[in-house]
Colleague: 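This is the structure I have questions about; it appears just below.
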Amino acid sequence: MTYQSTLLRLLDERGYIHQLTDAEGLDALAAKQVVPGYIGFDATAPSLHVGSLVQIMLLRRLQQAGHKPVVLMGGGTTRIGDPTGRDESRKMLSDETIEANIASIRTIFERFLTFGDGPTDAVMFNNHDWLGKLGYIQLLQEVGTHFTINRMLTFDSVKLRLDREQPMTFLEFNYMILQGYDFRHLARNMGVRLQMGGSDQWGNIVNGIELARRMDGTEVFGITTPLLTTADGAKMGKTAAGAVWLNDDALPAYDFWQYWRNADDRDVGKFLRLFTDLPLDEIARLEALEGSEINQAKVILANEVTRLCRGEEAARTAEATAAATFAGGGLGQDLPVLELPTAGLGMIDALVGIGFAASRGEAKRLIAGGGARIDGEAVTDESFHIAGGAERRISSGKKKHGILRPA
RNA sequence: GGACAGGUGGCCGAGUGGUUAAAGGCAGCAGACUGUAAAUCUGCCCGCGCAAGCGUACGCUAGUUCGAAUCUAGCCCUGUCCA
């Protein structure tokens, strides 16, 4: 359909919309007033990773379209653990850890959103502020009467777990109730009209909408984003090396940049639309590039995302490092560094020391497989000794490079 | 509380006394081919050791045995059904 509101047009043309609860209603509302919309985030780690980036960008788009982004930190719900998409119950976190995580995560949002007191300025809430005060009896009375077990059991988050014969605790079972309560609370006390989230949050969002209607007669809306996987089917933001963290201190900017630079060809257009502010016609031009030319688009993608998330300088340095390292066969300042003693260093120790191998055995296998290089030359002798005195380039495979710098 | 089923390497999943550091698959790493892509093919894939070998590992503990992931007992955890 063709949307009247800037908001829905923007979201639609950039590929953020998977499902909408009431397209016409929301479109009409967004066309005539500022819509405060929220997304909830977990506080299980001190940083969010790329898997949350769609949601973060969604809040950014909301603000770009003249509405008010509301970041809801799950300080309370994190104490429960969202069972959605999980086979195993989550470990409990201490209050101090959760508070520290929230503080750390906030720094990310400050890069993507403008916070303040104005009508379209972003705000952040912590659901512990109200969930923490909720008494059990009170909750049962006010909220419990609006949920039937029959219906709760049909939700995917519950059903999948039961079907897979995986345990689900009562604690987790209550997650959807608390999340529904959040929406109702924000709608009632902060004027929030919209909740957004991943497609797996549909059930939770719908619960909140229903709860707000039944308890207060308020009409609120929901949008979910498509489940984002990379072209080869993996979840966004998870690599075997670990999650692609957004915070500076959780993942070096160079590695962050490389994640985007190594995107699958097929994902380039989608990523540019979702994760950069580039105009659509420019994106159309970039994604039309064929063969090795698509690499130009990947560099732009990496630059743009890194700039948004890590700042202009981080993006520039990462690009320069990549250019020097890959095109020039030289060294960029962003590469990992290991001190090279004057007496030199054994190849195995160097590989382990710089983090390219987790154990000596792994380093040996790397050498035996021909993947270990010094200054671009394959080292096949595991007793190889790297002479000290000069800066050397050490590599594992074609992509991982590091600097051995004389002490 | 009772009956039954189950708990194996990052994940899935074979294995029911020695030839099992444990089939196979996925994921991962490296090589070839390329474009720092994908697909494909090849090698690797618990730790230490140049190696012989040693150590650790099949929920936990104790046993039986020359020898246990495999047998016994107790315990813990999970599921299904019953109370």
Side-chain angles (χ1 to χ4, degrees), chain A residues 83 85-89 91 158-170 172 229-244 254-272 286-303 305-306 318-332 334-335 346-349 351-352 354-374 376-385 393-402:
Chain A
R86 285 169 192 279
D87 286 345
E88 281 175 35
S89 305
K91 297 147 223 70
V158 177
K159 209 154 69 81
L160 289 175
R161 194 76 81 80
L162 294 177
D163 288 348
R164 296 205 61 187
E165 303 195 344
Q166 299 285 351
M168 165 174 275
T169 61
F170 184 65
E172 297 169 279
T229 54
T230 57
D232 46 14
K235 256 190 196 162
M236 270 305 281
K238 293 275 172 68
T239 66
V244 182
Y254 176 70
D255 293 329
F256 185 81
W257 192 91
Q258 282 293 326
Y259 175 77
W260 298 100
R261 172 61 184 80
N262 284 313
D264 193 296
D265 286 6
R266 295 164 288 177
D267 288 327
V268 171
K270 179 167 75 175
F271 287 179
L272 284 168
L286 289 172
E287 78 175 321
L289 294 174
E290 293 198 5
S292 61
E293 295 207 324
I294 191 89
N295 285 331
Q296 296 167 27
K298 292 187 190 181
V299 170
I300 292 172
L301 171 68
N303 282 341
V305 182
T306 308
E319 188 191 5
T321 295
T325 307
F326 288 96
L331 294 163
D334 246 10
L335 296 176
M347 190 63 191
I348 294 173
D349 294 318
L351 287 169
V352 173
I354 203 157
F356 291 169
S359 68
R360 295 176 57 78
E362 201 178 304
K364 286 179 204 167
R365 279 180 236 121
L366 182 64
I367 295 169
R373 293 186 179 79
I374 289 291
E377 293 290 315
V379 173
T380 47
D381 173 12
E382 47 180 68
S383 60
F384 183 81
H385 188 84
R393 161 189 167 119
I394 185 169
S395 316
S396 162
K398 297 265 164 29
K399 290 196 223 166
K400 274 182 278 181
H401 305 283

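Chain A is the first sequence line, chain B the second, and so forth, proteins listed ahead of strands; every chain is numbered from 1.
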Colleague: Could you check if a side-chain atom of A:D349 sits within less than 4.5 angstrom of a side-chain atom of A:R360, using non-hydrogen atoms only?
Modeller: yes
Colleague: Should A:D334 and A:W257 count as side-chain neighbours, where that means a heavy-atom distance under 4.5 Å?
Modeller: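 No, every pair of side-chain atoms sits at 4.5 Å or beyond.
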Colleague: Please measure how far the C1' atom in B:G43 lies from the corresponding atom in B:G35, and state the result in whole Å.
Modeller: 24 Å
Colleague: What nucleotide, of B:U36, B:G49, B:A37, holds the atom closest to the side chain of A:K298?
Modeller: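 The answer is B:A37, which lies nearest to the side chain.
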Colleague: Using Watson-Crick or G-U wobble geometry with both distances below 3.5 Å, tell me the partner of B:A73, or none.
Modeller: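 Its partner is B:U61.
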Colleague: Taking only N/O atoms, report every protein-nucleotides 43-47 of chain B pair under 3.5 Å with atom names and distance.
Modeller:
{"residue": "B:G47", "atom": "OP1", "partner": "A:S359", "partner atom": "OG", "Å": "2.9"}
{"residue": "B:G47", "atom": "OP2", "partner": "A:R365", "partner atom": "NH2", "Å": "2.5"}

Colleague: If I pick the P atom on B:C58 and the same atom on B:A68, what distance separates them, to the nearest angstrom?
Modeller: 13 Å
Colleague: Tell me every residue that passes salt bridge (charged side-chain N to carboxylate O under 4.0 Å, His left out) with A:E362, counting only those two or more places apart in sequence or in another chain.
Modeller: none
Colleague: Please name all residues satisfying ring pair (Phe, Tyr, Trp, His ring centres under 6.0 Å) with A:F271, sequence neighbours left out, ordered by chain then number.
Modeller: A:W260, A:F275
Colleague: Roughly how many Å apart are B:G67 and B:G18, using the C1' atom of each and rounding to a whole number?
Modeller: 6 Å
Colleague: Which residues pass the side-chain contact (heavy atoms from CB on, under 4.5 Å) test with A:L335, sequence neighbours left out?
Modeller: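 Listed in chain order: A:Y254, A:T321, A:T325, A:L331, A:H401, A:I403.
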Colleague: CG of A:L351 versus P of B:A30: gap in Å, rounded?
Modeller: 11 Å
Colleague: If we take the C1' atom in both B:C82 and B:G24, what is their distance in whole Å?
Modeller: 39 Å
Colleague: Nearest whole angstrom, please: distance from the C1' of B:G35 to the CG of A:L289.
Modeller: 13 Å
Colleague: Nearest to the A:K398 side chain among B:A38, B:U36, B:A32, which nucleotide is it?
Modeller: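 Side chain of A:K398 sits closest to B:A32.
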Colleague: Distance check, C1' atoms only: B:G49 and B:G59, in whole angstrom units.
Modeller: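 B:G49 and B:G59 have their C1' atoms separated by 31 Å.
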Colleague: Please state the C1' separation for the pair B:G47 and B:U56 - nearest whole angstrom.
Modeller: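 To the nearest whole Å, 7 Å.
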Colleague: What nucleic acid atoms does A:S396 come within less than 4.0 Å of, heavy atoms only: base, sugar-phosphate, or nothing?
Modeller: sugar-phosphate
Colleague: Going from CG on A:L301 to CD on A:E287, what distance comes out if it is rounded to the nearest 0.5 angstrom?
Modeller: 11.5 Å
Colleague: Could you please name the option among B:G35, B:A37, B:A30 that lies closest to any side-chain atom of A:L366?
Modeller: B:A30
Colleague: Under a 3.5 Å cut-off for both contacts, is B:U56 paired Watson-Crick or G-U wobble with anything, and if yes, with which nucleotide?
Modeller: none
Colleague: What's the closest nucleotide to the side chain of A:A322 if the choices are B:U36, B:G35, B:G49?
Modeller: B:U36
Colleague: Using the P atom as the point on both nucleotides, what is the distance between B:A52 and B:C46, in whole Å?
Modeller: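 Nearest-Å result for B:C46 against B:A52 at atom P: 16 Å.
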Colleague: Polar pairs (N or O, both sides) under 3.5 Å between protein and nucleotides 52-58 of chain B?
Modeller:
none

Colleague: Base, sugar-phosphate or nothing for A:D264? Non-hydrogen atoms, less than 4.0 Å.
Modeller: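 Sugar-phosphate: the residue A:D264, judged by heavy atoms under 4.0 Å, touches backbone atoms but no base.
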Colleague: To the side chain of A:R266, which of B:A30, B:A38, B:U36 is closest?
Modeller: B:A38
Colleague: Could you check if a side-chain atom of A:K364 sits within less than 4.5 angstrom of a side-chain atom of A:L351, using non-hydrogen atoms only?
Modeller: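 In short, these two side chains do not touch, never coming nearer than 4.5 Å.
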Colleague: Just distance, no hydrogens or angles: give the donor-acceptor pairs under 3.5 Å from side chains in residues 288-299 of chain A, sequence neighbours left out.
Modeller:
{"residue": "A:N295", "atom": "ND2", "partner": "A:S292", "partner atom": "O", "Å": "3.3"}
{"residue": "A:K298", "atom": "NZ", "partner": "A:A263", "partner atom": "O", "Å": "2.8"}
{"residue": "A:K298", "atom": "NZ", "partner": "A:D265", "partner atom": "OD1", "Å": "2.7"}

Colleague: On RNA chain B, nearest-nucleotide positions of A:I294 versus A:E382: which is more 5'?
Modeller: A:I294
Colleague: Between B:G31, B:A37, B:U36, which nucleotide gets closest to the side-chain atoms of A:R373?
Modeller: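 So the nucleotide nearest the side chain must be B:G31.
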Colleague: Separation of A:D349 atom CG from B:C48 atom P, in whole Å?
Modeller: 11 Å
Colleague: Which one is paired to B:G79, where only Watson-Crick or G-U wobble pairs with both distances under 3.5 angstrom count?
Modeller: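 WC or wobble partner is B:C4.
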Colleague: Rounding to a whole Å, what distance do you find between A:I367:CD1 and B:G49:P?
Modeller: 12 Å
Colleague: Does the structure show a Watson-Crick or G-U wobble partner for B:C66, both distances under 3.5 Å? Name it, or say none.
Modeller: B:G18
Colleague: Do the non-hydrogen side-chain atoms of A:L286 and A:V268 ever get within less than 4.5 Å of each other?
Modeller: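 No - every pair of side-chain heavy atoms lies 4.5 Å or more apart.
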Colleague: When the P atoms of B:A83 and B:C75 are considered, how many whole Å apart are they?
Modeller: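 Those two atoms are separated by 25 Å.
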Colleague: Would you mind pulling out the nucleotide paired to B:G49, Watson-Crick or G-U wobble, both distances under 3.5 Å?
Modeller: none
Colleague: What is the distance, rounded to the nearest whole Å, between atom CD of A:E293 and atom C1' of B:U34?
Modeller: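 Atom-to-atom, A:E293 to B:U34, this comes out as 16 Å.
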Colleague: Answer yes or no: does a side-chain N or O of A:K400 lie under 4.0 Å from OP1 or OP2 of B:C29?
Modeller: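 For A:K400, the contact criterion (side-chain N or O under 4.0 Å from OP1 or OP2 of B:C29) is not met.
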Colleague: Across all strands, who's sitting opposite B:A30 as a Watson-Crick or G-U wobble pair, both distances under 3.5 Å?
Modeller: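 Because both required distances fall under 3.5 Å, B:A30 counts as paired with B:U42.
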